[in-house]
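Heads up: the structure comes next, in structure tokens.
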Amino acid sequence: MDVSRTDSLEIRTSTDVVLVRQAVRKWTTELGLSLVDQTKLITAASELARNTIDYGGGGSVRLDAVTQGIRKGLRLTFEDQGPGIADLELALTDGYTTGQGLGLGLSGSKRLVNEFEIDSRVGEGTRVMITRWK
């Protein structure tokens, strides 16, 4: 997989979540993703950015314009240095939440993208990488 462009944004406040959404919309438009694919990736990015604040105490997202053969897409990598997730299988179950939400953040985000990877270590933090292809 080749990366043709990259940028990163800090995620500390609700305003940063809006900035993440705006950046993802701009990049997906420039990459020529359909409106449906744009909406899916923006929704997933918004959920993960919010999780970065609510559960990770803040962090960052890296945006990568990627190509693989003739495919073009956008890969987003969310990272925090928070408490981590003790039980990833449980956390990816629809309806599971440790907060006030509906429990669809991680599992819903996973369904909205083409590729989803999560690595979390208790006491060290969490990294979630998602990709949506054109």
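Hydrogens, waters and symmetry mates play no part in the numbers below; they use all other heavy atoms, side chains included. Index from 1, following the sequence.
Side-chain contact between Asp16 and Leu9 is absent, with no heavy-atom pair separated by less than 4.5 Å. Contact check for Ser60 versus Ile11: no side-chain heavy atoms found under the 4.5 Å cut-off. Using a 4.5 Å cut-off on side-chain heavy atoms (C-beta onward), Leu88 and Ser120 make contact. Residues Ile85 and Asp87 form no side-chain contact, since every pair of their non-hydrogen atoms from C-beta on lies 4.5 Å or further apart. At a threshold of 4.5 Å between non-hydrogen side-chain atoms, the residues Leu48 and Val61 do not count as touching.
Taking OG1 of Thr126 as the start and CG of Asn51 as the end, the distance is 9.5 Å to the nearest 0.5 Å. One finds the CG atom of Leu92 at 5.5 Å from the CD1 atom of Ile118 (value rounded to the nearest 0.5 Å). Taken from CD1 in Ile130 to CZ in Phe78, the straight-line distance is 5.0 Å, to the nearest 0.5 Å. Atom CE of Met129 and atom CZ of Phe116 lie 10.5 Å apart (nearest 0.5 Å). Taken from CD in Glu10 to CG in Leu19, the straight-line distance is 12.0 Å, to the nearest 0.5 Å. Atom CD1 of Ile42 sits about 14.0 Å away from atom CH2 of Trp27, to the nearest 0.5 Å.
Nearest heavy-atom pair across Ala65 and Leu74 is N-CD1, 4.2 Å. In this structure, Pro83 and Gly56 approach most closely via the heavy-atom pair CD-CA, 4.4 Å. The shortest non-hydrogen separation linking Val24 to Ala45 is CG2-CB, 4.0 Å. The two atoms that bring Ala86 and Val122 nearest to each other are CA-CG2, 3.6 Å, heavy atoms only. When every heavy atom of Asp80 is checked against every heavy atom of Gly58, the shortest pair comes out as CB-O, 3.3 Å. Heavy-atom minimum distance, Leu63 versus Ala23: CD2-CB, 4.1 Å.
Listed by chain and residue number, nothing satisfies the salt bridge (charged side-chain N to carboxylate O under 4.0 Å, His left out) test with Asp7 (two or more places apart in sequence, or in another chain). Considering only residues two or more places apart in sequence or on other chains, Arg75 meets the salt bridge (charged side-chain N to carboxylate O under 4.0 Å, His left out) condition with Asp64.
Within a 6.0 Å sphere centred on CZ of Arg121, heavy atoms belonging to other residues, nucleotides or ligands number 12 at most. Counting non-hydrogen atoms of neighbouring residues, nucleotides and ligands closer than 6.0 angstrom, the CZ atom of Arg50 exceeds 12 such neighbours.
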- Stepwise side chain to side chain donor-acceptor pair (under 3.5 Å) check, Gln22 with Arg25: CA-CA 5 Å; Gln22 291 171 343; Arg25 177 173 304 283; over 6 Å; no
- Test side-chain contact (heavy atoms from CB on, under 4.5 Å) on Leu112 and Leu41 and set out the steps. CA-CA 7 Å; Leu112 292 171; Leu41 191 56; over 6 Å; no
- Task: Verify salt bridge (charged side-chain N to carboxylate O under 4.0 Å, His left out) between Arg5 and Glu30, making sure each step is shown before the conclusion.
- Result: CA-CA 12 Å; Arg5 179 176 159 203; Glu30 291 171 358; 2.6 Å; yes
- Go through the steps for Thr39 and Val36 under the test side-chain contact (heavy atoms from CB on, under 4.5 Å), then give the verdict. CA-CA 5 Å; Thr39 302; Val36 170; 5.8 Å; no
- Message: Checking Thr6 against Arg62 for the side-chain contact (heavy atoms from CB on, under 4.5 Å) test, could you report, in this order, the C-alpha distance in whole Å, the side-chain angles of both residues, the deciding distance, and whether it holds?
- Response: CA-CA 7 Å; Thr6 191; Arg62 189 179 74 237; 3.6 Å; yes
- Item | Candidate pair Thr131 and Asn114, rule side-chain contact (heavy atoms from CB on, under 4.5 Å), full reasoning | CA-CA 6 Å; Thr131 306; Asn114 301 116; 5.6 Å; no
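Gln68 and Trp133 form no side-chain donor-acceptor contact under 3.5 Å, judged by distance and modelled atom types alone. Counted by atom type alone, Ser46 and Arg21 present one or more donor-acceptor pairs between their side chains at under 3.5 Å.
By the criterion of side-chain heavy atoms lying less than 4.5 angstrom apart, applied directly or through intervening Ile, Leu, Val, Met, Phe, Trp or Tyr residues, Val20 is grouped together with Leu31 in one hydrophobic cluster.
Sorted by first and then second residue, the pairs that involve residues 124-134 and meet salt bridge (charged side-chain N to carboxylate O under 4.0 Å, His left out), not counting sequence neighbours, are Asp37-Arg132.
Taking 4.0 Å as the cut-off between side-chain N and carboxylate O, Lys110 and Glu47 do not count as a salt-bridged pair.
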